[in-house]
Enquirer: 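Shown below is the structure under consideration.
Chain A is the first sequence line, chain B the second, and so forth, proteins listed ahead of strands; every chain is numbered from 1. Bear in mind the structure is a predicted one, so any value in this text is a computation, not a measurement.
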Amino acid sequence: MEPRFYNTLSRQLETFQPIEAKKARMYHCGPTVYARPHIGNYRAFLFADLLRRFLEHLGYEVLQVMNLTDVGHLTDDADDGEDKLQAQAARDKIDPWVLVENISKLFFADLDALGVQPAHHYPRATQHIDEMVEMVQKLIASGHAYRVGDNVYFDVHSYAPYGKLSGNKVDELEAGARLEINTEKRHPADFALWKSDPHHIMKWDTPFGEHGFPGWHIECSAMSRKYLGDHFDIHTGGEDNVFPHHECEIAQSVCATETPFVNLWMHTKFLQVDGGKMSKSLGNVYSLDDLAERGASALDFRFLILRAHYRGSVNFTFEALTAAVESRRNLHDFRGRLSAAAGDTEAPALESGAVFEAQQSFMSALCDDLNTSAALASIFSLRTHFLKEGLSAADAAAALHFLDHTVDSILGIFGNTTGDTDELRDGDVEALLLERTQARADKNWARADAIRDELASAKIVLEDGPDGLHWHRA
RNA sequence: GCCGGCAUCGCCAAGUGGCUAAGGCAAUGGAUUGCAAAUUCAUCAUCCCCAGUUCGACUCUGGGUGCCGGCUCCA
């Protein structure tokens, strides 16, 4: 089954065709490390992780790069614009370099909690100044960029396809511009490659002047090129990156290298909160800690995100979060029941039946532009089938293997299910159950409940049913 | 003002020009139960509004309304 993905550039689904057979090189626009990323940011990063895991499951050798923007961009396009990283550092009364370190640590801790597999490289803008300068020089030499004093701008008229990704037209950009016109640019849509300001703290001495710093977009062009080559497979980001960021990247990279840049552009929709956007004024910009206060783990949030398709808007509410917690718990419970039903049986390869059908629909849903919502539905359908009609030990073993080696390796929603070194062994459980049964016969409810609590803390679930006692691990 | 996207059950969310519009969570009634949990049976939408195309539309077209995004750093 060949995966198909939606390409923002072509505005249609395309069968994935890697540049090199069985290899996928991809770049993700990462965070600007001036404040801890919020849950909306993490939607995009969770998507990148899903894509990577899925491609690897299909047998691709993936090379994944995510940048850390550790030099601030200007808050506007005027010469006296403020750098938000520098501004935040000033508010915190710390050095911007320290701020970058602090926030980066928080970011990586969050990624770890979310079960995101580390990218192969996390290049930082400030460590690639040389690569950026080289690229800017090339653009000047080839006539795509021009200097005005110590500033350098890209001439959008020098690259005819400018606007193709976003659907913008250069003339209309000018008409709708809300910015004050920067009179030193030849055209209002021209964008900065390099800026200079003696008041900046983070600045570099380069051929363009001694107080310069990179423009808004050049870091991604320079760093993707360094780690992935001039031409690579996939570039992702949030929908807000489409314009101007990715549009500008394409123009810079194609003009500087004179080769194609990226084949597949993928973008995630924004996360909404209570039907609207997150905003500081509404107080609904949440971090993972805010969710933890409501009893939801980072993996619960991951699950919540995966329940929706990445290109659709997701409406985050605490009610939906609670539902995700419950739903994921039920999935965990399902896994435990399968484990109990499978016993020591080895997982066979299947060619028919409910488990086989679940495997098929799961994979075909993901191949259809990563439709995680439909993929999860196939697992819940299998759960319903198991609960209503049961599964043979062999089928249960196959289902368990499917959950662990396909579902979880791609979706990463179960967490550590194998770290059970200090759990009770089956024999100990049976002994306690025997004692509890006796206690119940003696109507010693206190002892019976104490044993149940003890087992519960070891993540053993008991069920007293009309047909006797069953137990399984949660 | 100019571009683009979305609008499906209480909440979240798939999907299709035509059999019964996935799935999750919540809810309601019954069974089971020392209590609880779990389970179990049953119930739970006609797809924002209006007009049109069509034998037939929730699915296509036009208009309206609402929300989201881009045009400005932002996942």
Enquirer: Counting only Watson-Crick or G-U wobble pairs whose two distances fall under 3.5 Å, which nucleotide matches B/rU61?
Expert: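 B/rA51 - that is the nucleotide pairing with B/rU61, both distances being under 3.5 Å.
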Enquirer: Does a side-chain N or O of A/Lys443 approach OP1 or OP2 of B/rC35 to a distance below 4.0 Å, or not?
Expert: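 For A/Lys443, the contact criterion (side-chain N or O under 4.0 Å from OP1 or OP2 of B/rC35) is not met.
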Enquirer: Remember a base hit wins even if backbone is also touched, and classify A/Ala377 as base, sugar-phosphate or nothing at under 4.0 Å, heavy atoms.
Expert: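 A/Ala377: base contact, heavy atoms under 4.0 Å.
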Enquirer: Within the pair A/Lys269 and B/rC6, is there a side-chain N or O less than 4.0 Å away from OP1 or OP2?
Expert: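 No, A/Lys269 has no side-chain N/O under 4.0 Å of OP1/OP2 on B/rC6.
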Enquirer: Counting only Watson-Crick pairs (N1-N3 plus N6-O4 or O6-N4) and G-U wobbles (N1-O2, O6-N3), all under 3.5 Å, who is the partner of B/rC74?
Expert: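 Because no pair has both required distances under 3.5 Å, B/rC74 counts as unpaired.
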Enquirer: Using a 4.0 Å heavy-atom cut-off, does A/Gly275 contact any base of the nucleic acid, only the sugar-phosphate backbone, or nothing at all?
Expert: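 Counting heavy atoms under 4.0 Å across all strands, the contact made by A/Gly275 is with sugar-phosphate only.
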Enquirer: Nearest 0.5 Å please: distance from the CZ atom of A/Arg329 over to the CG atom of A/Leu331.
Expert: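 A/Arg329 atom CZ to A/Leu331 atom CG measures 12.5 Å (nearest 0.5 Å).
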Enquirer: Could you give the CG-to-P distance, from A/Asn315 to B/rC25, as a whole number of Å?
Expert: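 Between P of B/rC25 and CG of A/Asn315: 19 Å.
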Enquirer: Determine the contact category for A/Arg383: base if any of its heavy atoms lies under 4.0 Å from a base atom, sugar-phosphate if only primed atoms, P, OP1 or OP2 are that close, otherwise nothing.
Expert: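 Sugar-phosphate, no base atom in range.
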Enquirer: Quick check, does A/Tyr42 stack with B/rA75? I mean ring centres under 5.5 Å and planes off by under 30°.
Expert: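 So A/Tyr42 does not count as stacking on the base.
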Enquirer: What contact category does A/Met278 fall into here, base, sugar-phosphate, or nothing, at under 4.0 angstrom with non-hydrogen atoms?
Expert: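 The residue A/Met278 makes base contact.
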Enquirer: Between B/rG24 and A/Phe380, is there a base-stacking contact, meaning the centre of the base's six-membered ring lies under 5.5 Å from the residue's ring centre while the planes stay under 30° apart?
Expert: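 No.
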Enquirer: Nearest-Å distance, CH2 (A/Trp471) to P (B/rA38)?
Expert: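 After rounding, the reported distance stands at 19 Å.
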Enquirer: Applying a 4.0 Å non-hydrogen cut-off, can you work out what A/Leu321 is touching in the nucleic acid: base, sugar-phosphate, or nothing?
Expert: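 Counting heavy atoms under 4.0 Å across all strands, no contact is made by A/Leu321.
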Enquirer: Would you check if the distance from the ring center of A/Phe334 to the ring center of A/Phe414 is below 6.0 Å?
Expert: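 They do not qualify: ring centres at least 6.0 Å apart.
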Enquirer: Counting only side-chain N and O atoms of A/Arg452, is one of them less than 4.0 Å from OP1 or OP2 of B/rU33?
Expert: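 Result: no.
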Enquirer: Measure CD/A/Glu454 against P/B/rA37 and give the value in whole Å, please.
Expert: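 A/Glu454 atom CD is separated from B/rA37 atom P by 21 Å.
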Enquirer: Report which part of the nucleic acid A/Asn371 touches: base, sugar-phosphate, or nothing (heavy-atom distance under 4.0 Å, all strands).
Expert: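 Sugar-phosphate, no base atom in range.
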Enquirer: Less than 4.0 angstrom from a charged side-chain N to a carboxylate O is my criterion; do A/Arg328 and A/Asp300 meet it?
Expert: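 Judged by the 4.0 Å cut-off on N to carboxylate O distance, A/Arg328 and A/Asp300 do form a salt bridge.
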Enquirer: Please confirm whether the shortest side-chain N or O distance from A/Asn330 to OP1 or OP2 of B/rG24 is below 4.0 Å.
Expert: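 Checking B/rG24 against A/Asn330, no side-chain N or O comes under 4.0 Å of OP1 or OP2.
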Enquirer: Is A/Thr317 touching bases, backbone alone, or none of the nucleic acid, heavy atoms closer than 4.0 Å?
Expert: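 A/Thr317: backbone/sugar contact only, no base atoms under 4.0 Å.
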Enquirer: Using a cut-off of 4.0 Å on non-hydrogen atoms, how would the nucleic acid contact of A/Arg337 be classed: base, sugar-phosphate, or nothing?
Expert: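 If one applies the 4.0 Å heavy-atom cut-off, A/Arg337 turns out to touch the sugar-phosphate alone, with no base involved.
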Enquirer: Quick one about A/Thr126 and A/Asp70 (side-chain donor to acceptor, distance below 3.5 Å, no hydrogens or angles considered), yes or no?
Expert: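 Yes, a side-chain donor-acceptor pair sits under 3.5 Å.
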Enquirer: Can you classify the ring geometry of A/His246 versus A/His235 as parallel (below 30°), tilted (30 to 60°) or perpendicular (above 60°)?
Expert: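 Aromatic pair A/His246/A/His235 classed perpendicular.
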